[in-house]
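What you see below is based on every heavy atom in this structure, not just the backbone, and it leaves out hydrogens, waters and symmetry mates. Just so we're clear, the structure is a prediction, and the values are computed from it rather than from any experiment.
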Amino acid sequence: MAGIGFELRRILQRKSYLAIAEAYGYAGLVSSGPWLLSIFGILLVGFLAVGEQSAREPVIQFQVSVTYLIATSLIFTGPLQLLFTRYIADMLFARQARSVVTILLTMLVVAIFPGALFAAAVLFFFFGGTPILYQILMGIAFVELCGVWILTIMGTSLKDYKALVIGYLLAYALVVGLGLPLGRQYGLDGYLFAFALGQLVLLLGLGVLVIRQFPGFLQWPAHRANRLFWSLSLVGAAFNLAVWVDKFWFWFYPSTSAAVIGPLRASPIYDVPIFLSYLLIVPGLAVFLFRLETDFVEAYDAYNRAIVEGGTYGELRSAKLGMILATRAGLWDIAKIQGITVLLAFAFTKPLLALLGYSESYARIFQFDVVGVSLQLLLMSLLNVYFYLDLRSRSVLLTVMFLLGNFFFTWATLWFGPFFYGLGFLGALFVADVLGLYLLAWDLRRIDYLTFVRAR
């Protein structure tokens, strides 16, 4: 994420309130732009098409199908995302930028070919009762999404964030613009064809964006110059699975779900509140990215310079204190902004639901979920600090705890009844965050020992 740090610091050099507002806006656009465009694109198709009664069922089937495609492709590629991102970062540090394209192509092959086999097996065994064209389009879209997630992760390491957001904007504009006429004529298959075509355009566009940034082609890195940190695969897999496990519980629990198409099910009582909740973390995401890539990174760099350049003990302690204070300030700012967002969401829950045309019965679950996604943002902040500190075992512990907690707590809330729906997700993140804050405070206090003495 070094690219956005450079851009944010360039904006802040103007030293004005307008520059600060621009920096926060830029951070918010970069951190949430791609997935917001994805969500709004899919919703816009439904909003514009659902006016026709005959289109209601195909639109619902389309939206549910795309939700499963996104969830499963994220989980499937989760083990690769952090693993190869760290590997490429190490190559860039070792001045082997000419090997990046080769490793990127390797990442895509590792993601796409097993993804194609996985999609074929799932469609063959579980989607036998659905139309063959639907199965083909689902398989193609799944494979494309696997590639898109890999390239999106790489795209965030570049400085050209505007091109990244524009790529998503064009792709989902195509999904909406082509999906509406095709959907009216061909139903579900038309919508899925437009989605698959949009993902293909996005995949090719991101590929060009990334490849043009790095010189060289088909050049392998020097022998033993880098190594893979397999614990990052576990972090990526556990985090992506943890984010979705509560949704899968509600989708397949008989009393909270309904069949949509083939084996796919949906849970309106849970899907609507959790979706609305995720839209409300955009302010927190902006603050998170801004603080992480400016104050914390500057303090972190100062600490490392004091080590590498042979600073005095006093300089080292001063840099350490600066890093601790930057971490505290960043987490506190995130807590304040997201806390205000949560209070506003609680105060205006009923008017918001009424404005969007949803029943007040969603109110309590929505409030639980708003707190839950805010705690998820805090966990993401803790994990990113640990990534910088290279304390991978801590990241594994927190993500696995989130996964296990969300699995068992959500199961418990389903067993206890509707009043507790949403508390499983919230409770799992609360436990993981409390442990993460305690461990981070402890680790920052003894960062000298972890830097100089701990065996790597």
Is the CZ atom of Phe113 crowded by more than 12 outside heavy atoms at less than 6.0 Å? no
Is there a side-chain contact between Gln61 and Leu264 in this structure, where contact means two heavy atoms from C-beta onward sitting under 4.5 Å apart? no
N/O donor-acceptor pair under 3.5 Å between Tyr386 side chain and Leu440 backbone: yes
Can the ring centroids of Phe420 and Phe368 be said to lie less than 6.0 angstrom from one another? no
The test is side chain to side chain contact (heavy atoms under 4.5 Å, CB included); show your working for Arg392 and Asp390 and say whether it passes. CA-CA 6 Å; Arg392 297 180 299 278; Asp390 201 25; 2.6 Å; yes
Heavy atoms of Thr77 and Ala111 approach each other most closely as CG2-CB, 4.4 Å
Centroid separation under 6.0 Å, is that true for the rings of Tyr388 and Phe296? yes
Ring center gap for Trp251 and Phe248 short of 6.0 angstrom: yes
What I'd like to find out is whether the side chain of Leu108 reaches to under 4.5 Å of the side chain of Leu151, using heavy atoms alone. yes
Taking all atoms of both residues into account, what is the closest heavy-atom pair of Ala237 and Pro79, and its distance? CB-CG, 3.7 Å
Might you confirm whether atom CZ of Phe193 has over 12 heavy atoms from other residues, nucleotides or ligands at distances under 6.0 Å? no
Taking CZ in Phe229 as the centre, count heavy atoms belonging to other residues, nucleotides or ligands within less than 6.0 Å. Is the count above 12? yes
Can you establish whether the number of heavy atoms outside Trp244 located under 6.0 Å from its atom CH2 is more than 12? yes
I would like to know whether Thr410 and Leu423 meet side chain to side chain contact (heavy atoms under 4.5 Å, CB included); could you show each step before the answer? CA-CA 7 Å; Thr410 300; Leu423 271 179; over 6 Å; no
Assert yes or no for the condition that the ring centre distance of Trp149 to Phe76 is strictly below 6.0 Å. no
So, does Ser73 use its side chain to make a donor-acceptor pair with the main chain of Ile70 at under 3.5 Å? yes
Asp369 with Arg364: basic N within carboxylate O range, under 4.0 Å: no
For the pair Phe402 and Val243, evaluate side chain to side chain contact (heavy atoms under 4.5 Å, CB included) and give the outcome as yes or no after the intermediate values. CA-CA 8 Å; Phe402 174 29; Val243 168; 4.1 Å; yes
Whether Phe252 and Tyr68 hold their rings parallel, tilted or perpendicular, with breakpoints at 30° and 60°: perpendicular
Would you compute the distance between atom OG1 of Thr130 and atom CD of Gln135 and round it to the nearest 0.5 angstrom? 3.5 Å
So does Ala242 get a backbone contact from the side chain of Asn406, meaning a donor-acceptor N/O pair under 3.5 Å? yes
How are the rings of Tyr168 and Tyr172 set relative to one another: parallel (under 30°), tilted (30 to 60°) or perpendicular (over 60°)? parallel
Side chains of Tyr362 and Pro268, heavy atoms from C-beta outward: is any pair under 4.5 Å? yes
For the side chain of Ser267 and the backbone of Thr256, is there at least one donor-acceptor N/O pair under 3.5 Å apart? yes
CD1-CG distance between Ile140 and Leu69, expressed to the nearest 0.5 angstrom: 11.5 Å
Flag this pair as yes if the NZ/CZ of Lys247 is under 6.0 angstrom from the six-membered ring centre of Phe425 and inside a 45 degree cone about the axis; otherwise no. yes
What's the spacing between Leu188 CG and Ile60 CD1 if we round to 0.5 Å? 11.5 Å
Side chains of Val235 and Phe387: closer than 4.5 Å at any heavy-atom pair? yes
Min side-chain heavy-atom separation Leu204-Gln199 under 4.5 Å: no
From CG (Leu437) to CG (Leu398), nearest 0.5 Å: 9.5 Å
Close side-chain approach of Leu331 and Ser381, heavy atoms under 4.5 Å: yes
Student check: side-chain heavy atoms of Leu145 and Phe195 closer than 4.5 Å: yes
Shortest non-hydrogen contact between Leu203 and Gly147, atoms and distance: CD1-C, 3.5 Å
Full working for side chain to side chain contact (heavy atoms under 4.5 Å, CB included) between Phe250 and Ser257: CA-CA 6 Å; Phe250 276 90; Ser257 64; over 6 Å; no
Closest heavy-atom contact between Ile88 and Met107? CD1-SD, 3.7 Å
Smallest separation among heavy atoms of Leu379 and Ala432, with atom names: CD1-CB, 4.4 Å
Can you classify the ring geometry of Phe142 versus Phe118 as parallel (below 30°), tilted (30 to 60°) or perpendicular (above 60°)? tilted
One should read off an interatomic distance between Trp332 CH2 and Ile334 CD1, to the nearest 0.5 angstrom, of 12.0 Å
Please examine the side chains of Leu123 and Met138, heavy atoms only from C-beta on, and report whether any two atoms are closer than 4.5 Å. yes
Counting only heavy atoms not in Phe346 (residues, nucleotides, ligands), do more than 12 fall under 6.0 Å from its CZ? yes
Enter the distance from Leu234:CG to Phe239:CZ here, rounded to the nearest 0.5 Å. 13.5 Å
For Tyr253, is the OH atom crowded, meaning more than 12 foreign heavy atoms sit under 6.0 Å from it? yes
Can you label the angle between the Phe127 ring and the Tyr134 ring as parallel, tilted or perpendicular, going by 30° and 60°? tilted
For a side chain to side chain contact (heavy atoms under 4.5 Å, CB included) with Ile150, tell me which candidate from Leu206, Ile112, Leu104 qualifies. Leu104
Does the plane of the ring in Trp249 sit parallel, tilted or perpendicular to the ring in Phe407? Use 30° and 60° as the thresholds. tilted
Leu83 versus Ser233, closest heavy-atom pair with distance: CD2-OG, 3.4 Å
